[in-house]
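Naming: A, B, ... by sequence-line order, numbering from 1 per chain. These numbers come from the heavy atoms of this one structure, side chains and all, not from hydrogens, waters or symmetry mates.
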There are 2 protein chains.
Amino acid sequence: MKNRDKALARLKETLETNGLRMTQQRIEVYLAVAASGCHPCVSEVHEMVRENLPTVSLDTVYRTLWKLSELGLVAPVSSSGDRVRFDAYMRRHHHFVCARCGAVYDFDSPSLDEIRIPEEAWSLGCVWNSHMELRGICLGCCNEGGGTEEGHAEG
Amino acid sequence: MKNRDKALARLKETLETNGLRMTQQRIEVYLAVAASGCHPCVSEVHEMVRENLPTVSLDTVYRTLWKLSELGLVAPVSSSGDRVRFDAYMRRHHHFVCARCGAVYDFDSPSLDEIRIPEEAWSLGCVWNSHMELRGICLGCCNEGGGTEEGHAEG
DNA sequence: AGTCTTGTTGAGAATTATTCTTAAGAAGTA
DNA sequence: TACTTCTTAAGAATAATTCTCAACAAGACT
Ligand SMILES: [Mn+2]
Ligand SMILES: [Mn+2]
Ligand SMILES: [Zn+2]
Ligand SMILES: [Zn+2]
């Protein structure tokens, strides 16, 4: 369990640095997102955490996720409205968003990583980071009923 | 009002092609988003439309926006969960998302436009389109209280 | 180990966002 | 004008998220 220990250490340090307490709830929530490998929504995190901490409330999961996000340990993933999802993979990477089921898949790309933020952007504000977002139909959805038909592709 | 007429023509043709009716509601909703120049959320569109069509219901705005999105006349903008926003600017462009107020700003970039979708991505599904998404603090938010402090920048 | 202080949590109410149901209303057609 | 069918308005119903507040428990200090 190397990753788990790393995550715990990172959590501990960050909480201490910010004068926050290391609670069971924060531990479980963070580990759940970190171990998930995907981009779970709040209720999915709630489910996962309940396996180890059966009485945790949904509200605590919300509060904790937003707190972890303030601390930079997780980041909210932009989805198409319905619900927030969180990502614990904080290194630079990119996203493929399925327009049908809403799932978000990570992918790495050396070529995309080299892209520099264009000057045009800095006139809008202070840029923290960037990533490429692809939209389309994921393999799962492709199989259960066409995915190539429409698409309104642009460039 | 060249743009307005263009938009109306596009709407008319698309609706006809798809056997849908050209109603006052659809006209006003589409023109509102197209003229806004920004990425309004549903209730903002509702407000705008009500100025010309005082009795339009919120539900109709929802229905119409999703229908226009099916038709490829507008597109839902991925935000951080809270609410859907729509974009009528369908040419290739990129987004700057303010992490504080949630506003989404467009920007064009010839250099970013040249980026090709990497092969890695096609193993995840059928890609329709792509855009670069920057996160940070917009000028407005920068002014009313620091925006440079934190940031959790990655690459 | 026991006590205190104060940040955290759980429960449930309260909000907000979005969708559903259904009967009345308006486009396009004959 | 009358008819058919697609659309809409209203309000109820869901789903998502936040708020309130008393009980709880981490960490600090005996
Ligand atoms: Mn990710
Ligand atoms: Mn845009
Ligand atoms: Zn999918
Ligand atoms: Zn802002």
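- Separating the CZ atom of Arg63(B) from the P atom of dC20(C) is a distance of 11 Å, rounded to the nearest angstrom.
- Using a 4.0 Å heavy-atom distance criterion, Ser43(A) is classed as making no nucleic acid contact.
- In this structure, CD of Gln25(B) is placed 11 Å from P of dT7(D), rounded to the nearest angstrom.
- Nearest-nucleotide assignment on DNA chain C puts the 5′-proximal partner with Thr64(A), out of Asp59(B) and Thr64(A).
- Judged by distance alone, the side chain of Arg21(B) and the main-chain N or O of Leu15(B) form no donor-acceptor pair under 3.5 Å.
- The distance from atom OH of Tyr62(B) to atom C1' of dG11(D) is 15 Å, rounded to the nearest whole Å.
- Look at Thr60(A) and you'll find a side-chain N or O under 4.0 angstrom from OP1 or OP2 of dG10(C).
- Looking at Asp106(B) and His95(B), their side chains do bring a donor and an acceptor atom within 3.5 Å of each other.
- If you run side chain to side chain contact (heavy atoms under 4.5 Å, CB included) between Tyr62(B) and each of Thr60(B), Leu65(B), Leu58(B), only Leu58(B) comes through.
- Following rounding to the nearest Å, Met22(A) (CE) and dA25(D) (P) show an atom-to-atom distance of 18 Å.
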Please evaluate residues Tyr105(A) and Leu134(A) with respect to the criterion side chain to side chain contact (heavy atoms under 4.5 Å, CB included), reporting the C-alpha separation (whole Å), side-chain torsions for both, the decisive distance (0.1 Å), and the verdict.
CA-CA 10 Å; Tyr105(A) 301 89; Leu134(A) 310 186; over 6 Å; no
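- We find that CZ of Phe86(A) is positioned 11 Å from C1' of dT17(D), with the value rounded to whole Å.
- Residue Trp66(A) places none of its side-chain N or O atoms closer than 4.0 Å to OP1 or OP2 of dT17(D).
- Rounded to an integer number of Å, the gap from CG of Leu20(A) to P of dT6(C) is 16 Å.
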May I have the step-by-step check of side chain to side chain contact (heavy atoms under 4.5 Å, CB included) for Phe107(B) and Leu124(A), ending in yes or no?
CA-CA 9 Å; Phe107(B) 72 93; Leu124(A) 297 171; 4.0 Å; yes
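- Among the nucleotides dA26(C), dT18(C), dT17(D), the one closest to any side-chain atom of Val84(A) is dT17(D).
- Between the side chain of Arg21(A) and the base of dG7(C), at least one donor-acceptor pair of N or O atoms lies under 3.5 Å.
- Between Val42(B) and Thr23(B), the one whose closest nucleotide on DNA chain C sits nearer the 5' end is Val42(B).
- Atom CG in Leu58(B) sits roughly 11 Å away from atom C1' in dT16(C) (whole-Å rounding).
- The distance from atom CZ of Arg85(A) to atom C1' of dA15(D) is 14 Å, rounded to the nearest whole Å.
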